[in-house]
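A quick write-up on the structure given underneath.
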Amino acid sequence: MVHTFQALGVNIAVDVNSGAVHVLDEVTYHLLEKVTPPMGEHCPEDIKAALSQYDPAALEEAWQELRGLAAEGLLFEEDDYIDREKAASMQQSALVKALCLHVSHDCNLRCKYCFASTGDFGTGHRMTMDVETAKKAIDFVIEKSGPRRNIEVDFFGGEPLMAMETVKETVAYARSIEKEKGKCFRFTITTNGVLLSDENIEYINREMSNAVLSIDGRKEVNDDLRPTVNGKGSYDVIVPKFKKLIEGRGTKDYYLRGTFTRFHKDFAEDVKALAAIGRNISVEPVVGKEDDPYALQESDLPELEAEYERLAEYLKDHPETNFFHFNVDLAQGPCVIKRLRGCGAGCEYVAITPEGDIYPCHQFVGNEEYKLGNIYDGTFDMELSGKFAGLNIYTREECGNCWARFYCSGGCSASNLLVNGDIKHPHHVGCVLERKRLECAIALRAIAAGMAD
């Protein structure tokens with residue numbers, strides 16, 4: 001499978017199975033669109049006739065170039081993983097290596113598109129996690145991680161700063177036993193910033209390997225989508241605090257993380273606005289049911305695809321801005337299992353609520369059908385976890401013939417369930433946007449690497 005496309009004025013071909021990316025001149029690009037393997041010694045006369053606008057000698061030269069790439073295993077490669085038995089053999093529960101720890105099911109913002117029902121996850125009652133539950137969650141992941149040394153814990157909500165003492169006690173407990181247990185913990189926190197004090201900023205910058213800072217871009221957009229409990233905008237409250245936190249991060253990771261909806265589709269302008277606050281940015285499409293007024297619709301796709309192209313044009317001239325969804329490694333990429341299976345929700349990664357309930361990820365919380373167990377009663381549904389472990393690009397039928405499958409890995413199971421009612425079936429709007437992001441990302445990487453010279 002070979003995917004050809006044009007972006008940022010560059011002609012690109014992706015050999016899906018080898019992962020090779022080629023920047024081609026106009027003649028070779030249009031010739032490749034006509035070629036199906038196997039390739040003979042010389043360019044066929046019918047192809048030359050179909051491309052009669054080009055010089056026959058140039059076509060022959062381009063043909064030999066493509067033959068050379070194929071001979072090197074960089075074009076028209078076979079899929080090494082197409083054997084369905086191999087795909088089926090992946091259906092085994094993995095070691096849990098990451099926790100999304102819901103230290104707060106409460107929030108001091110009332111974001112209009114919030115998947116967590118403004119913090120309580122649809123439960124109707126707001127609460128924070130006590131220290132005992134947090135410690136049992138750490139014990140749980142140590143047990144379930146087996147011989148794996150590195151463990152990640154993301155403090156999440158709601159708003160986790162509303163349970164800052166639990167956060168601190170959890171980190172202290174994990175650090176106190178990690179050497180004894182042969183583990184190494186890496187902590188992340190996701191915050192809306194309202195409760196960021198100088199003390200909290202200093203603590204986060206000392207203890208958290210990554211900080212995700214929630215903000216939706218321009219002041220008018222953020223204040224429309226992310227009001228406080230009393231209905232006022234949050235932008236002026238959080239931006240000075242985010243700037244101070246970022247200034248103290250040093251070399252540690254952080255992301256300014258926003259969401260765009262169908263009411264604010266010019267999200268490139270939000271990326272530009274966030275770039276004035278910090279260089280690491282993620283602005284992602286909202287996911288919702290078709291009747292959700294904020295959800296992106298099929299009719300929005302042409303406008304959204306054009307906006308990604310507009311953003312890519314801007315970032316081409318602003319390499320200092322690091323946009324998360326345009327990060328793609330053309331040389332190595334993720335490991336084989338990651339490419340085939342994706343995020344690992346429900347098997348390698350789980351979410352734990354203030355009550356100690358276990359779910360495949362934060363977006364499944366509150367859906368009793370997908371509850372995996374509870375850390376207090378010691379239950380963990382291995383059969384359900386196995387269903388998640390068995391999800392990969394071959395068991396998801398729509399992914400098998402998609403050129404982006406080794407980059408996307410089948411998409412988000414929670415989003416699939418929300419839109420299509422089935423964790424196995426990717427939703428079309430999300431797939432289209434993912435493919436467009438990848439095209440822009442690959443083009444930017446090719447240009448940055450000098451491949452387009």
Side-chain angles (χ1 to χ4, degrees), residues 98-111 114-142 151-177 185-215 226-230 234 237-238 241-242 245 257 349-368 371-377:
L99 284 184
C100 184
L101 200 58
H102 287 223
V103 292
S104 174
H105 273 191
D106 197 357
C107 191
N108 42 23
L109 293 186
R110 294 295 182 263
C111 302
C114 182
F115 75 89
S117 301
T118 68
D120 68 6
F121 287 81
T123 62
H125 60 278
R126 298 177 180 275
M127 63 185 301
T128 55
M129 179 180 285
D130 59 38
V131 173
E132 180 186 359
T133 303
K135 289 181 176 180
K136 286 191 73 68
I138 294 298
D139 293 339
F140 165 84
V141 74
I142 287 174
I151 298 174
E152 300 194 12
V153 177
D154 179 17
F155 294 105
F156 200 75
E159 171 49 47
L161 295 191
M162 297 178 77
M164 196 60 186
E165 287 309 309
T166 298
V167 171
K168 291 179 178 180
E169 291 281 354
T170 306
V171 171
Y173 177 68
R175 294 287 185 228
S176 71
I177 62 174
F185 282 91
R186 181 180 184 272
F187 296 104
T188 298
I189 196 164
T190 299
T191 178
N192 63 34
V194 173
L195 294 178
L196 277 176
S197 61
D198 288 350
E199 180 183 348
N200 286 341
I201 289 173
E202 189 278 331
Y203 180 83
I204 288 169
N205 283 344
R206 185 177 74 247
E207 298 292 347
M208 302 294 157
S209 298
N210 193 11
V212 181
L213 312 175
S214 299
I215 179 173
R226 302 179 65 81
T228 60
V229 174
N230 61 12
S234 58
V237 174
I238 64 176
K241 298 176 180 182
F242 283 169
L245 185 147
R257 198 278 189 204
Y349 168 86
V350 297
I352 296 180
T353 72
E355 300 97 332
D357 291 331
I358 307 167
Y359 289 91
C361 82
H362 56 287
Q363 294 193 69
F364 283 93
V365 169
N367 187 331
E368 290 298 306
K371 180 178 170 180
L372 286 163
N374 184 279
I375 58 173
Y376 278 104
D377 61 25

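Count residues from 1 along the sequence. The analysis underlying the following values was restricted to heavy atoms, covering all of them including side chains, and did not include hydrogens, waters or symmetry mates. As the structure is a prediction and not an experimental result, all values here were calculated from the model.
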>> So, using side-chain hydrogen bond (donor to acceptor under 3.5 Å, both in side chains) as the criterion, who are the partners of T228 when residues are at least two apart?
In response: N230
>> Applying ring-ring contact (aromatic ring centres under 6.0 Å, His included), can you list everything that pairs with F187, at least two apart in sequence or on another chain?
In response: F155, F185
>> Donor-acceptor pair, distance only, cut-off 3.5 Å: does the side chain of N200 make one with the backbone of L161?
In response: no
> Do D154 and Y349 meet the criterion of a side-chain donor-acceptor pair at a distance under 3.5 Å?
Replying inline: no
> Going through the checks in order, is the salt bridge (Lys or Arg N to Asp or Glu O under 4.0 Å) test met by K136 and E132?
Replying inline: CA-CA 6 Å; K136 286 191 73 68; E132 180 186 359; over 6 Å; no
>> Please evaluate residues N108 and E159 with respect to the criterion side chain to side chain donor-acceptor pair (under 3.5 Å), reporting the C-alpha separation (whole Å), side-chain torsions for both, the decisive distance (0.1 Å), and the verdict.
In response: CA-CA 7 Å; N108 42 23; E159 171 49 47; 5.9 Å; no
>> Can you pull out every salt bridge (Lys or Arg N to Asp or Glu O under 4.0 Å) where at least one residue sits in residues 353-367? Sequence neighbours excluded, please.
In response: D357-K371
> Is the backbone of R226 close enough, under 3.5 Å, to the side chain of S234 for a donor and an acceptor to pair up by distance?
Replying inline: yes
>> Suppose the criterion is side-chain hydrogen bond (donor to acceptor under 3.5 Å, both in side chains): which pairs have a residue in residues 162-171, not counting sequence neighbours?
In response: K168-E199
>> To the closest 0.5 Å, what do you measure between CG (N192) and SG (C111)?
In response: 7.0 Å
> Can you tell me how far CD1 of I204 sits from CD1 of I189, rounded to the nearest 0.5 angstrom?
Replying inline: 4.5 Å
> Counting only N and O atoms by type, is there a donor-acceptor contact under 3.5 Å from the side chain of K241 to the main-chain atoms of V194?
Replying inline: yes
>> Can you tell me how far apart NE2 (H102) and CD1 (I352) are? Round to the nearest 0.5 Å.
In response: 9.5 Å
> Looking at T353, V167, L101, which hits side-chain contact (heavy atoms from CB on, under 4.5 Å) with M129?
Replying inline: L101
> Got a sec, which residues hit side-chain hydrogen bond (donor to acceptor under 3.5 Å, both in side chains) with T133, two or more places apart in sequence or on another chain?
Replying inline: D130, Y376
>> Going by the rule side-chain hydrogen bond (donor to acceptor under 3.5 Å, both in side chains), which residues pair with D198 if we only count those two or more places apart in sequence or in a different chain?
In response: K244
